**Student:** 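First, the structure itself, so that you have it in front of you.
Everything numeric here is computed off the predicted structure, so don't read it as measured data. These numbers come from the heavy atoms of this one structure, side chains and all, not from hydrogens, waters or symmetry mates.
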Amino acid sequence: MSAFSRTSTTHAVFLGARSHPSIYFTYLSSGTLISGKQTDEALNYPTALVYYSRTRFIVNLLPQLRQAASLRRVITVAAGGKEGAVSVADLQASKLNGFTFRAHVTSMITLSLEAIAKQAPEVSFIHVYPGFVKTGLSRELTGIGPAIAKIVFKPLMAIMHIPIDETGERQTYFATSARFPPRSEGADGVALGGGIDKAVGADGQPGGGVYSIDYEAEGTSERVQALMKSLSEDGTAEKIWKHTEEEFVRITGSPAL
């Protein structure tokens with residue numbers, strides 16, 4: 001069954017909504033290193049996991065997030081801060097790979113969060129790059145090429161990886177700190193210490209509601225701010241969201257649950 005299939009995604013959200021009329025935060029981290037294949041719904045497989053399914057979960061759970069008494073936060077773990085060029089002619093990224101794929105999909109994630117934040121300014125959205133973390137994604141890869149790559153990169157990972165406990169602490173901070181508020185007031189978080197300000201959002205404003213950050217949590221970089229502004233002004237952001245909702249309707253019959 002596809003990660004984006006109408007049955008799996010809708011059923012999971014239905015069960016969550018039925019059990020929890022309000023949700024304080026949603027955490028998304030689905031991903032894959034497998035490429036070159038499609039889902040049952042004719043979506044590019046890696047893009048379906050990293051972008052379409054996550055976005056569908058967010059829009060479907062948005063009513064419950066908006067009902068929460070406090071916090072109201074979405075965290076999506078991918079490559080925040082690594083945004084780059086978008087191929088408007090290939091929004092599914094079927095013909096992209098490596099860094100071009102990452103740049104394209106990362107921009108789509110952040111721009112989609114911007115679009116959703118306009119619908120729900122009382123919810124904050126954080127797109128995180130966690131750094132080098134031992135996720136186990138490489139276990140999906142088979143064959144001699146991936147086997148050699150694992151051997152080559154193993155010493156590098158041993159030096160550069162962030163311990164899993166530290167990663168968990170950082171993600172907990174992102175999920176709870178008042179450093180990442182929504183655009184509107186009223187969502188509490190753990191109070192900031194002296195000298196710590198609200199993070200700068202993708203719109204360039206402190207407390208902007210949508211944040212593209214790495215594991216250091218320094219706020220959205222000026223480069224990403226400028227890129228998001230450019231992609232919005234040239235119409236790319238609008239095209240991405242229109243395409244996303246059209247795919248949702250094509251596959252499920254509606255833009256949200």
**Student:** How are the rings of Tyr129 and Tyr215 set to each other: parallel, tilted or perpendicular (split at 30° and 60°)?
**Tutor:** tilted
**Student:** For the CD atom on Glu238, are there more than 12 heavy atoms of other groups (residues, nucleotides or ligands in this structure) within a distance under 6.0 Å?
**Tutor:** no
**Student:** Is the shortest heavy-atom distance from the side chain of Glu169 to the side chain of Tyr173 under 4.5 Å?
**Tutor:** no
**Student:** Measure from the side-chain N and O atoms of Arg73 to the backbone N and O of Val123, and report whether any donor-acceptor pair falls under 3.5 Å.
**Tutor:** no
**Student:** Can you confirm whether more than 12 heavy atoms, excluding those of Glu222, are under 6.0 Å from its CD atom?
**Tutor:** no
**Student:** So, for Ser177 and Leu192, which heavy atoms are closest and what is the spacing to 0.1 Å?
**Tutor:** OG-CD2, 3.6 Å
**Student:** Quick one: does any side-chain atom of Arg179 pair with a main-chain N or O of Gly189 as donor and acceptor, under 3.5 Å?
**Tutor:** no
**Student:** Taking a hydrophobic cluster as the set of Ile, Leu, Val, Met, Phe, Trp and Tyr residues connected by side-chain heavy atoms closer than 4.5 Å, whether directly or through intermediates, do Val50 and Leu111 fall within one such cluster?
**Tutor:** yes
**Student:** So does Ser212 get a backbone contact from the side chain of Thr220, meaning a donor-acceptor N/O pair under 3.5 Å?
**Tutor:** yes
**Student:** Decide yes or no for Ser70 and Tyr24: does some side-chain heavy atom of the first lie under 4.5 Å from some side-chain heavy atom of the second?
**Tutor:** yes
**Student:** Can you confirm whether Phe57 sits close enough to Thr26 that some side-chain heavy atom of one is under 4.5 Å from a side-chain heavy atom of the other?
**Tutor:** no
**Student:** Hey, is CZ on Phe25 packed in by over 12 heavy atoms from elsewhere, all under 6.0 Å?
**Tutor:** no
**Student:** Measuring from Thr236:OG1 to His243:NE2, what's the distance to the nearest 0.5 Å?
**Tutor:** 13.0 Å
**Student:** Of all heavy-atom pairs between Val128 and Pro130, which one has the smallest distance, and what is that distance?
**Tutor:** O-CD, 3.7 Å
**Student:** Let me see the working for Thr55 and Trp241 under side chain to side chain contact (heavy atoms under 4.5 Å, CB included), right down to the final yes or no.
**Tutor:** CA-CA 10 Å; Thr55 306; Trp241 190 244; 3.7 Å; yes
**Student:** Output yes when a side-chain donor or acceptor of Arg66 lies under 3.5 Å from a complementary backbone atom of Leu62, and no otherwise.
**Tutor:** no
**Student:** Could you tell me which non-hydrogen atom of Ala93 sits nearest to which non-hydrogen atom of Asn44, and how far apart they are?
**Tutor:** O-ND2, 3.2 Å
**Student:** Quick check: does any side chain N or O of Ser232 sit under 3.5 Å from a backbone N or O of Met228, one acting as donor and the other as acceptor?
**Tutor:** no
**Student:** Taking only Lys NZ, Arg NE, NH1 and NH2, and the carboxylate oxygens of Asp or Glu, determine whether Glu246 and Lys242 approach each other closer than 4.0 Å.
**Tutor:** yes
**Student:** Does either side chain, that of Gln171 or that of Tyr27, offer a donor lying less than 3.5 Å from an acceptor on the other one?
**Tutor:** yes
**Student:** Is it the case that the side chain of Ser53 and the backbone of Ala48 share a donor-acceptor pair, with hydrogens and angles ignored and the cut-off at 3.5 Å?
**Tutor:** yes
**Student:** Between Gly219 and Ala199, what is the shortest heavy-atom contact and its length?
**Tutor:** CA-CB, 4.1 Å
**Student:** OG1 of Thr39 to CD1 of Ile251: how many Å apart, nearest 0.5 Å?
**Tutor:** 6.5 Å
**Student:** Do NZ/NE/NH1/NH2 and the carboxylate oxygens of Arg183 and Glu114 come within less than 4.0 Å?
**Tutor:** yes
**Student:** Taking atom types as modelled and ignoring hydrogens, do the side chains of His104 and Ser87 form a donor-acceptor contact shorter than 3.5 angstrom?
**Tutor:** no
**Student:** Do Leu28 and Leu71 belong together in a cluster built from hydrophobic side chains that touch within less than 4.5 Å?
**Tutor:** no
**Student:** Are Ile58 and Phe180 connected in the hydrophobic side-chain network, where two residues link if heavy atoms are under 4.5 Å apart?
**Tutor:** no
**Student:** Do Ser112 and Arg54 get their side chains close enough for a donor-acceptor pair, meaning under 3.5 Å?
**Tutor:** no
**Student:** When rounded to the nearest 0.5 angstrom, what is the spacing between OH in Tyr211 and CG in Asp203?
**Tutor:** 8.0 Å
**Student:** Using the rule that Ile, Leu, Val, Met, Phe, Trp and Tyr join whenever any side-chain heavy atoms are under 4.5 Å apart, tell me whether Leu113 and Phe174 fall into a single cluster.
**Tutor:** no
**Student:** Which heavy-atom pair separates Glu245 from Pro255 by the least distance, and what is that distance?
**Tutor:** OE2-CB, 4.1 Å
**Student:** Taking the side chain as C-beta and beyond, is there a heavy-atom pair between Phe99 and Lys82 under 4.5 Å?
**Tutor:** no
**Student:** Evaluate Gln67 against Arg72 for side chain to side chain contact (heavy atoms under 4.5 Å, CB included), listing each step before the verdict.
**Tutor:** CA-CA 8 Å; Gln67 287 297 316; Arg72 300 191 294 274; over 6 Å; no
**Student:** Would you check if Lys198 and Pro181 make a side-chain contact, meaning some heavy-atom pair closer than 4.5 Å?
**Tutor:** yes
**Student:** Could you go step by step and tell me if Thr76 and Phe125 meet the side chain to side chain contact (heavy atoms under 4.5 Å, CB included) rule?
**Tutor:** CA-CA 8 Å; Thr76 186; Phe125 302 85; over 6 Å; no
**Student:** I need the Ile75 CD1 to Ser124 OG distance, nearest 0.5 Å.
**Tutor:** 8.0 Å
**Student:** Without swapping roles, check the side chain of Glu122 against the backbone of Pro182 for a donor-acceptor pair under 3.5 Å.
**Tutor:** no
**Student:** With rounding to the nearest 0.5 Å, note down the distance linking CZ in Arg56 to CG in Leu61.
**Tutor:** 11.0 Å
**Student:** Between Ser29 (side chain) and Val77 (backbone), is there a donor-acceptor pair under 3.5 Å?
**Tutor:** no
**Student:** Answer yes if Val59 and Ile126 sit in the same cluster of Ile, Leu, Val, Met, Phe, Trp and Tyr residues linked by side chain heavy atoms under 4.5 Å apart, and no otherwise.
**Tutor:** no
**Student:** Which value, rounded to the nearest 0.5 Å, describes the distance between Arg102 atom CZ and Ser107 atom OG?
**Tutor:** 11.0 Å
